Amino acid sequence: MDYFSINSLRETHAGWSLLRAQNAPLALTFFMTAFTDPNQRNLGRQDLIDVLDDVLFSLRDSLGADRFPRSAAEYLDDWAEPEKAWLRKFYTEGRDEPVYDLTAATEDVIRWVEALRGRDFVPTQSRLSSIFNLLKTLVHGSETDPEARLAELQRQRDGIDAQMEQIRSGEVPVMSGPEAVDHFHQLTTQAKDLLADFREVEANFRKLDRRLREQISMWEGGQGDLLESIFSSQQDISGSLQGRTFQGFWDYLMSPQLRTELHELLERATRIEALSAQDGLQQITSMQNDWLPAVEQTQATVRQLSAQIRRLLDDKVFLENKRIMALIRSIESSAVAVRAAPPPGAFAELSGHEIPVALPFERPLYEPSRQVAIDDDVDVTEDLDVDANALFTQFHVDPHRLEGNIDAVLAEAGQATLADVTDAFPLSQGLAELVAYFQLATESTWATIDSERSQTLSWALPDGSLREATVDQIIFVRPS
C-alpha cells in the first residue's frame, strides 16, 4: 500500500474513524460489554439502551455527572449513522423495533484494541506446528505425480507404524505441560478469530448482493439480455470464492460424524491435567454452540438476499410487461384511427420470419416401445474377499469411433448387421462396447432392431478367454 491508499483509508474507513473519535473508549467499552464479551448478535434497540445506560451510569459515577451529556438513545443512533457505520441497524421479521449488530470494521478494531494489552503467554511452538502442517497439506495436496503421492503416504504410514511399536513396547510419549498450554492458547485464539470472521463473511455477501442489485437497477438493455445476465450471475453469492469456502465450513460443521468427534475432543481436552489451571478451559466446550448461531445467521442472510433479488427481478418483469401493454394499446388506437381510410400498400411487414416446410414422408413411422423383462433377483455371496481393483479400472467407450466403424462397413454395402460390423472391427472393449452399439441403434433413424431374429457375438478378454452374447439382430442402413 502507498501513501494515497493509506490516506484514503484514514478518511473513509469506519474502523479508522472509530479510533479517531473523541468517545472511542466509551463506544468500545459498550461494544465489548454488549456484543463481544457475551458473544451476542442482533440485539434489540431497547436491550442495547439498557446496557448503555448501565455503562454510562458507571462512568458518570466515576468521572462526573457531566462527563457524557447525551442520552443512551442519542449515542446509539449516532453510532449507527451511515457516516460512521460502527453499528448496522436493520429490521428482522417478527420484530417491530430495530435490531443492531457490529460491523466487520468495528469487530476488527475491537480485536486490535484487545491485542494492544499484550499477552502473558504467546503460543509460538503451536503456531510453527500449524504453519508446518498447513504447508505440508498445501504441497502434498497439490501434488499431481502419483509416485510422489504414494511415497508421502508410505512415509506417513511408516511413521504411524513406528509410533504404534513404541507404544506397544511400553513407552507412551505424552505432551509436556508447556506444550499443552501452548496448543491450548493457540486453540482459543483461532476459535475467537473464526467467530469474529463471520461478520466479515456476512459483509462480503452483502457486497456481492449490492453489486448485483446495481446491475439490475441500471440495466438499459432488453428483458431477455437482463434475464440472461441474471441467470448467468445467480451463483455470484454462493458460487464466489467466499461462498464456496463458507459452504465448505457449513458442510463440515453439519456433518453428524464430525460434530460428534469435535464434541468428544473438546470434552477430553477439558480433562487434561496440564490445563486445569487455565482460564476459560470450560468455555471451549461451548465453542461449537457459539459457532452455530453465527453460521445460521450468515446462511439466513444469504437466503434473504436471494429472495430479495427474486423480488427485484419480479418488479423488473412487471414494469416491462406494463410497457409492452402500453405499446399494444398505442398500436390498437392507431389501427382504429386509420380503419376508415387504411394506408395504401401493406399495413405492416415483418422480416426475418420464415415458415419451415417439412414433408410428411420425411417423418419416421411410429415404433412402439418394447417391454424388456428384467430379472431383479440379486444373489448375495458370502465371500467377502472381493477384488476392488475393478472400481478403479474404468474406461470410456467412444461413440464416435463406433459410428466410424459403421460408416466404414456401409461404404462397401447398402446395409449391414451388427455381426458384419464386429467382424470387420472386433469388440475391443467387450460388453460395454456392445451396449454402446445398441444405444446408437436406438437413437438413430438409420438402424433397425429386429427382435424376431438373434445373432451371437463373441470377443476376447485380456487373459485370452472368450465371451459370447446372444442379442437381437441390428441392421444398419446407409443414410440417404
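Note that the numbering runs from 1 along the sequence shown for the chain. These figures come from a predicted structure and were not determined experimentally. The basis for the numbers below is simple: all heavy atoms, side chains too, and nothing from hydrogens, waters or symmetry mates.
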Nearest atoms (heavy-atom pairs only) where [X] meets [Y]:
X: D472; Y: D450; value: CB-O, 3.7 Å
X: A34; Y: L48; value: CB-CD2, 3.9 Å
X: A436; Y: V397; value: CB-CG1, 3.7 Å
X: T106; Y: A85; value: OG1-O, 4.3 Å
X: L410; Y: A416; value: CD2-N, 3.8 Å
X: P69; Y: R60; value: C-NH2, 4.3 Å

Open item on the list: For F90, does the six-membered ring have the charged nitrogen or CZ of R88 within the cation-pi criterion, i.e. under 6.0 angstrom from the centroid and within 45° of the normal?
Closed with: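 So R88 does make the cation-pi contact.
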Kindly write out the residues that satisfy side-chain hydrogen bond (donor to acceptor under 3.5 Å, both in side chains) with [X], not counting sequence neighbours, or none if the list is empty.
X: E443; value: Q439
X: E97; value: R95
X: D50; value: Q46

Just wondering, do [Y] and [X] contact through their side chains at under 4.5 Å, heavy atoms?
X: F30; Y: L76; result: yes
X: F476; Y: V409; result: no
X: L402; Y: E433; result: yes
X: T417; Y: Q455; result: yes
X: L43; Y: Y100; result: no
X: L102; Y: I110; result: yes
X: L87; Y: D101; result: no
X: F425; Y: I406; result: no

Open item on the list: With a 6.0 Å cut-off (strictly less than), is the heavy-atom count around CG of D96, excluding the residue itself, greater than 12?
Closed with: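 Atom CG in D96 is not crowded, with 12 or fewer foreign heavy atoms closer than 6.0 Å.
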TODO: Tell me, yes or no, whether the heavy-atom count around R453 atom CZ, taken from other residues, nucleotides or ligands under 6.0 Å, exceeds 12.
DONE: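 Open.
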Ignoring hydrogens and angles, tell me if any N or O in the side chain of [X] forms a donor-acceptor pair with the backbone of [Y] under 3.5 Å.
X: R10; Y: S5; answer: no
X: S333; Y: R329; answer: yes
X: T29; Y: P25; answer: yes
X: E74; Y: S71; answer: yes
X: N23; Y: L26; answer: no
X: T470; Y: T456; answer: no
X: D108; Y: A105; answer: no
X: S17; Y: A14; answer: yes
X: S334; Y: S330; answer: yes

Task: Residues K84, D77: salt bridge by 4.0 Å N-O rule - done: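 So K84 does not pair with D77 through a salt bridge.
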TODO: Let me see the working for E452 and Q473 under side-chain contact (heavy atoms from CB on, under 4.5 Å), right down to the final yes or no.
DONE: CA-CA 8 Å; E452 302 296 332; Q473 185 183 59; over 6 Å; no
How many angstroms lie between [atom1] in [X] and [atom2] in [Y], if you round to the nearest 0.5 Å?
X: D37; Y: E114; atom1: CG; atom2: CD; answer: 7.0 Å
X: L457; Y: R467; atom1: CG; atom2: CZ; answer: 15.0 Å
X: L52; Y: I49; atom1: CG; atom2: CD1; answer: 8.0 Å
X: I475; Y: I449; atom1: CD1; atom2: CD1; answer: 10.5 Å
X: T103; Y: L18; atom1: OG1; atom2: CG; answer: 8.5 Å
X: R401; Y: Q429; atom1: CZ; atom2: CD; answer: 5.0 Å

- [ ] Check the angle between the aromatic planes of F68 and Y75 and answer parallel, tilted or perpendicular using the 30° and 60° thresholds.
- [x]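 Perpendicular: the ring planes of F68 and Y75 meet at over 60°.
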- [ ] If the plane angle is over 60° it's perpendicular, under 30° parallel, otherwise tilted; pick one for W86 and W79.
- [x]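 Aromatic pair W86/W79 classed tilted.
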- [ ] Would you sort out whether F35 and N42 count as a side-chain contact (heavy atoms from CB on, under 4.5 Å), showing the intermediate values?
- [x] CA-CA 9 Å; F35 292 99; N42 299 349; over 6 Å; no
- [ ] Test T448 against V477 for side-chain contact (heavy atoms from CB on, under 4.5 Å), laying out the working first.
- [x] CA-CA 8 Å; T448 302; V477 182; 5.6 Å; no
- [ ] Start with the C-alpha gap between T36 and F31, add the side-chain angles, then the distance that decides, and say whether side-chain contact (heavy atoms from CB on, under 4.5 Å) holds.
- [x] CA-CA 7 Å; T36 58; F31 295 154; 5.9 Å; no
